[in-house]
Amino acid sequence: MKGLTQWYFVLCLLLLSFNCHVDCSLSSFSSNSASLEVVLMSNNNFVGEIPSSICNLMSISVLDLSNNELSGAIPDCLGSRGKMPNLSVLDLHMNKFHGNIPDSFVVGNTLEILNLNNNDFDGPVPKSLVNCNDLEVLNLGNNKINDTFPHWLGTLPQLQVLVLRFNYFHGRISPSENESHFSALRILDLSHNEFSGLLPTTYLKSFSGMMNLSNVQRTSMDILNPSYHFSVLVTMKGRDRVLERIQTLFTTIDMSSNKFHGKIPEIVGNLISLQVLNFSHNSLTGHIPSSMGKLTALESLDLSTNKLVGEIPMQLNGLEFLEVLNLSQNQLVGLIPLGNQFNTFLNDSYGGNLGLCGFPVSKRCGKDEEQEPPESAFHEEGIYSCPLDWKFVMMGYGCGLVLGLSTGYIMLTIGKPEWLVRMVQRLGYKILRRLKSYH
Ligand SMILES: *[C@@H]1O[C@H](CO)[C@@H](O)[C@H](O)[C@H]1NC(C)=O
Ligand SMILES: *[C@@H]1O[C@H](CO)[C@@H](O)[C@H](O)[C@H]1NC(C)=O
Ligand SMILES: *[C@@H]1O[C@H](CO)[C@@H](O)[C@H](O)[C@H]1NC(C)=O
Ligand SMILES: *[C@@H]1O[C@H](CO)[C@@H](O)[C@H](O)[C@H]1NC(C)=O
Ligand SMILES: *[C@@H]1O[C@H](CO)[C@@H](O)[C@H](O)[C@H]1NC(C)=O
Ligand SMILES: *[C@@H]1O[C@H](CO)[C@@H](O)[C@H](O)[C@H]1NC(C)=O
Ligand SMILES: *[C@@H]1O[C@H](CO)[C@@H](O)[C@H](O)[C@H]1NC(C)=O
């Protein structure tokens, strides 16, 4: 039976992937492996280039070579119709690939997740990505891409995660009013680039994926841990639920550490499902908009190291889930709001604003500013009273990819062996979907 040869091949690959702690290279993919659909070989010490024989893997749908020591350029066949018509996940993060990202994504391709985070790619964002109509996750973070903002990706109807952090992106982000604007986006990370100009109001108006409260997924503090590892791992217990949970991934905008200037637009208050907002380390001026009080799902707000002036809007004290607030290194003045979550912030949330007064900073407010906190301000509801009844927990959010593909697992098209499935403790939802479709 054909199956037997394939099983033999799986076993070899499994042994390889578990024992390969010395340097290995991906020698070649023979015709034997032509019907491989899912190749998971992350977390090994593979070195060298991806062999061009990978282009023989016509039926491949998931290719995960992440976290190895692979280098060189990536073969053009990845992404071309005719070569790999069914490729939906390409995960090469944490390797040493360099050169241009291939510009070979043709109309009708089925790519859903492209993770190239943490490599040495330079050159521009390939224009042909506009053909990836199914693309949900694009992670180009931690590379050396020197380009302007890829506004033309705004037409991609499924794009939920766009990560460009730690590159050399530059220039203004000023789309024209009649363009399509990332209507499905949930996670936007532009941090640590050289973007300049005003904050992109046109986009903030059109991120409808961030305006839907039914998208809100409560997170635990661990996920907001600032030691960003740039990956969202999913630990799942009931694997049937993974898909829906991932789809309600939380909602974040990180535009920190750029050169944005001008005011924070009022319109930001429309992004009501936003859970993390970071505009820190820019040159923003003007007041903190009181409309931010409408961001009732917000868990983390960082506006530090800007040039914001005026008072902290009292409306912010309605943000019941706010766990992290950083307004330090601005020119804010007046009374710090009291009550609710504001009782939990320490003075390091306000450092460097010499004009702020009241708890928790040491400066007392003058008569004019003094104000009794409203009684209702002290009720103790908030994130801590939230029932944590989830069936599984998302771990290790970072700015990067979205798949928790753990160590090297390999699966083939030949069904779904239970023992193998049991070994797979942490799977990305795409993989899961594949497995399901094998029933
Ligand atoms: C791609 O997937 C379709 C539907 O699942 C299948 O019919 C087709 O044979 C696959 N193509 C290749 C080259 O495996
Ligand atoms: C980006 O490219 C421009 C020219 O296209 C060049 O002037 C600039 O120095 C480059 N930036 C970096 C950081 O490489
Ligand atoms: C937007 O409008 C300009 C002219 O106002 C036009 O040149 C351009 O093609 C339009 N773009 C789209 C995507 O419709
Ligand atoms: C909000 O999201 C839910 C589920 O994700 C969807 O059914 C609903 O249509 C969305 N509402 C709007 C206004 O987009
Ligand atoms: C906001 O971004 C900066 C880097 O630009 C980072 O250092 C900081 O921890 C972030 N703030 C929060 C609350 O995550
Ligand atoms: C707030 O941000 C500043 C730098 O912008 C940092 O030094 C400080 O530790 C941060 N405070 C908190 C509470 O995160
Ligand atoms: C912040 O609080 C610490 C002790 O909690 C205190 O030593 C420090 O002086 C305070 N700093 C300011 C600016 O109020």
Side-chain angles (χ1 to χ4, degrees), residues 31 33-39 55-63 77 80-88 100 108-112 120-125 134 141-149 163-171 187-196 219 221-230 250 252-260 274-284 298-306 319 321-330 341 345-346 348-351 397-399 412-414 433-439:
S31 52
S33 36
S35 57
L36 274 174
E37 276 195 20
V38 177
V39 175
C55 299
N56 296 333
L57 300 182
M58 301 277 286
S59 55
I60 199 163
S61 71
V62 176
L63 177 61
C77 64
S80 317
R81 191 181 181 74
K83 290 288 169 72
M84 294 187 179
N86 290 346
L87 189 66
S88 67
N100 284 358
N109 76 75
T110 53
L111 198 64
E112 294 172 21
D120 285 324
F121 289 112
D122 46 27
V125 181
D134 296 336
N142 297 278
N143 279 288
K144 294 177 178 157
I145 299 172
N146 183 356
D147 201 352
T148 53
F149 183 75
V163 176
L164 304 179
R165 74 188 323 240
F166 282 107
N167 276 289
Y168 304 123
F169 283 97
H170 53 84
I187 294 186
L188 175 62
D189 188 345
L190 307 181
S191 65
H192 299 277
N193 279 290
E194 298 188 1
F195 287 120
S196 57
T219 61
M221 195 54 201
D222 302 27
I223 296 170
L224 299 178
N225 188 325
S227 64
Y228 287 123
H229 293 300
F230 219 50
F250 57 92
T252 79
I253 293 183
D254 190 345
M255 299 194 179
S256 65
S257 297
N258 278 285
K259 295 174 179 165
F260 290 112
L274 205 57
Q275 286 160 289
V276 174
L277 180 61
N278 194 342
F279 284 151
S280 72
H281 297 89
N282 282 291
S283 301
L284 300 174
L298 210 56
E299 296 174 30
S300 172
L301 175 62
D302 192 343
L303 304 177
S304 67
T305 317
N306 278 292
L319 305 180
F321 293 105
L322 200 60
E323 287 175 75
V324 176
L325 175 71
N326 198 342
L327 303 178
S328 59
Q329 309 305 327
N330 281 291
Q341 292 303 96
F345 304 131
L346 304 176
D348 58 357
S349 290
Y350 309 105
Y397 168 70
C399 297
L412 298 193
T413 60
I414 42 176
R433 194 197 266 176
R434 294 292 142 199
L435 289 177
K436 276 179 166 176
S437 68
Y438 296 157
H439 280 311

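For ligands, and for the atoms within them, numbers begin at 1 and follow the listed sequence. On a predicted model such as this, the values are computed, not experimentally measured, just so you know.
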Exercise. Given Thr110, Asn86, Leu57, Ile60, which has its nearest heavy atom closest to atom 2 (O) of ligand 1?
Worked result: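 The residue whose heavy atom sits nearest atom 2 (O) of ligand 1 is Asn86.
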Answer yes if a protein heavy atom lies under 4.0 Å from [atom], otherwise answer no.
atom: atom 11 (N) of ligand 2; value: yes
atom: atom 14 (O) of ligand 2; value: yes
atom: atom 4 (C) of ligand 1; value: no
atom: atom 7 (O) of ligand 1; value: no

Exercise. For ligand 1, which atoms, with element, lie under 4.0 Å from some heavy atom of Ser59?
Worked result: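 Going through ligand 1 atom by atom, the ones under 4.0 Å from Ser59 are 12 (C), 14 (O).
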Heavy-atom donor-acceptor pair, [X] side chain to [Y] backbone, under 3.5 Å:
X: Thr110; Y: Pro85; value: yes
X: Asn306; Y: Ser283; value: yes
X: Ser304; Y: Asn326; value: no

At a 4.0 Å threshold, what atoms of ligand 5 neighbour a non-hydrogen atom of [X]?
X: Ser257; value: 4 (C), 5 (O)
X: Val324; value: 13 (C)
X: His192; value: 4 (C), 5 (O)
X: Ser280; value: 1 (C), 2 (O), 3 (C)
X: Ser300; value: 13 (C)

Exercise. With under 30° as parallel and over 60° as perpendicular, where do the rings of Phe149 and Phe195 fit, or are they tilted in between?
Worked result: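 Rings of Phe149 and Phe195: perpendicular, as their planes differ by over 60°.
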Exercise. Any N/O of Ser256 closer than 3.5 Å to an N/O of ligand 5?
Worked result: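 For ligand 5, there is an N or O atom that lies under 3.5 Å from one belonging to Ser256.
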Exercise. N/O of Asp302 under 3.5 Å from N/O of ligand 5, yes or no?
Worked result: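 So ligand 5 has an N or O lying under 3.5 Å from an N or O of Asp302.
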Problem set entry | Backbone or side-chain N or O of Asn146 under 3.5 Å from ligand 2 N or O |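 Checking ligand 2 against Asn146, an N or O pair does fall under 3.5 Å apart.
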[X] to [Y] - nearest heavy-atom pair and separation:
X: Tyr168; Y: Asn193; answer: N-OD1, 3.5 Å
X: Asn142; Y: Asn167; answer: N-ND2, 3.8 Å
X: Gln341; Y: Leu319; answer: CG-O, 3.4 Å
X: Val125; Y: Asp147; answer: N-OD2, 2.9 Å
X: Tyr350; Y: Leu325; answer: OH-CD2, 3.8 Å
X: Lys259; Y: Asn282; answer: N-OD1, 3.3 Å

Exercise. So which bit of Ser191 gets within less than 4.0 Å of ligand 5, heavy atoms only: side chain, backbone, both or neither?
Worked result: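 Neither part.
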